[in-house]
Amino acid sequence: AQANIGVIGMAVMGSNLARNLASREGNSVAIYNRSPEKTRAVTSEFPDAGFIASESIEDFVASLSSPRTAIIMVKAGAGTDAVINQLTEHFEPGDIIVDGGNALFTDTIRREKAVRETGINFVGAGISGGEEGALLGPSIMPGGSAEAWETLGPILKSIAAVAEGEPCVTHVGTDGAGHFVKMVHNGIEYADMQLIAEAYDLIRRGTGKTPAEIADIFAEWNTGELESYLIEITAEVLRQVDASTDKPLIDVILDQAGAKGTGAWTVQTALDLGIPVSGIAEAVFARSLSSKPAQRAAASTLPGPSSTWHVKDTDAFIEDVRQALYASKIIAYSQGFDEIVAGAEQYGWDIKKGDIAKIWRGGCIIRARFLNRITEAYDENPDLVALVTAPFFTEIVSAAQDSWRRIVAGAAQSGIPAPAFSSSLSYYDGLRADRLPAALVQGQRDFFGAHTYKRVDKEGTFHTLWSGDRSEVNAEDTH
Ligand code: 6PG
């Protein structure tokens, strides 16, 4: 047994992670893949990595030094369970199984519980950063026991991205905490991408600028407070010219967005927890709407507004869009962090919000300059109830709100869909409202179902006798 770490699954993410591990001082990496051809291909393609390759799970396990530590990098789902079962058969108490896939956190909770009974440690680790991140330094969100973190922590720190001198990995919490946080990361990723897409669409339709010109705008934005990986790659995508047609690539890509499910999980979980992640939900739904060609074809003749947007001052308009994007982005993160707080409470995890913002500063898809501000906000006030109410963010949103309102109103008037921009603004206005029409909803519920209501001026639970003399009774007395 010579390898201190093993990787199972030699698709791109797995082989890149294995190469990343092998490139760090002190690591010796064992690899295994169900079909041996892949293992052989990786070994011969990267001879310098010094991989210890096995063609059976028994040999793989034998090649690991104790405590044996193996990272599973297979497609999330039944395949993961199969590999876990194989490993638990051959591992010993104290060994560590890491699932580095995009597993649903409730699956991770279930798996951790089952594996723990054997004395083996199970760690569910969210890994973000795509193929390049896996190779050069991802952001890693591991959940599991403190014992497992002792062995695994230094290894993960050695391969993670580094942001301002700190590795982008932290022990998120027990069992499913890491995959939960990775799920919310992906939800925010969906929102961020949708917001950027809406900004692009508004600028294109509002000003008639070409994709290449809009690429320059995004590149410019990327030098300021919006600096982030997604803004950076957006400029690259918009600048790309299709070789076969000579058109901007963006104009020949079919406008139906795919999804592998993590965004939907974020929203489903938020619904269960009762957390309004409306920006993330709109981003998920926007992808669904785009991928309904029959409905879109049938609706394509529906009437739109009589006028299109007449942007008079192009520069001012573009600045409005930028401000709207920034404010909406803050809402998306605020909602995402709300979900993390609620999840932590529901599942008993001690998640440090500031640390999560820290490990998202590098390596991951949503890495952005302003994550430092989120860390600061939680450092200043760990009990902050809504990110958007932290002084730094309140200032930004106050400065942005006129622009934000102009953009949302203009989009509505000119028939340009901006679901994430507008739902974020509605959320903001809902949150800050003095009184909400929720009072009326309570009245309606009481009317048709005697669901009762509370009053602003006294304690207790009340019901109006709607079908009687309409006097009010104390609801507790009627039971
Ligand atoms: C990451 C990403 C990644 C995710 C892809 C695809 O953090 O590296 O979140 O894990 O799988 O972005 O997601 P969709 O196919 O659902 O867009």
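Residue numbers run from 1 in the order of the sequence given. Given the structure is predicted, the values throughout are model-derived calculations rather than measurements. In listed order, ligands and their atoms are each counted from 1.
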Under 3.5 Å: donor-acceptor pair, side chain of E232, backbone of N222: no
For [X], take its heavy atoms, then give the atoms of ligand 1 lying under 4.0 Å from any of them.
X: H185; value: 7 (O)
X: R287; value: 14 (P), 16 (O), 17 (O)
X: A259; value: 16 (O)
X: I365; value: 1 (C), 2 (C), 7 (O), 8 (O)
X: N186; value: 4 (C), 7 (O), 9 (O), 10 (O)
X: Y190; value: 14 (P), 16 (O), 17 (O)

NZ/NE/NH1/NH2 to OD/OE distance under 4.0 Å, E225 and R322: yes
Any M193 heavy atom less than 4.0 Å from ligand 1: no
Contact check, G130 vs ligand 1, heavy-atom distance below 4.0 Å: yes
R19 charged N/C atom sitting above F46 aromatic ring, 6.0 Å / 45°: yes
Q240 and E236: side chain donor to acceptor below 3.5 Å: no
Shortest non-hydrogen separation from I359 to V169 and the atoms involved: CG2-N, 3.4 Å
Provide, to 0.1 Å, the distance between [atom] and the closest protein heavy atom, together with that atom's residue and name.
atom: atom 9 (O) of ligand 1; answer: E189 OE1, 2.7 Å
atom: atom 8 (O) of ligand 1; answer: G129 N, 2.9 Å
atom: atom 15 (O) of ligand 1; answer: K260 NZ, 3.1 Å
atom: atom 7 (O) of ligand 1; answer: S128 OG, 2.4 Å
atom: atom 11 (O) of ligand 1; answer: N102 ND2, 3.2 Å

Ring geometry between W404 and Y428 (parallel below 30°, tilted from 30 to 60°, perpendicular above 60°): tilted
Geometric class of the Y347/W349 ring pair [parallel <30°, tilted 30-60°, perpendicular >60°]: parallel
Check against side-chain hydrogen bond (donor to acceptor under 3.5 Å, both in side chains), S278 and Q335: CA-CA 8 Å; S278 47; Q335 294 180 342; 2.9 Å; yes
Distance flag, aromatic centroids of F393 and Y333, threshold under 6.0 Å: no
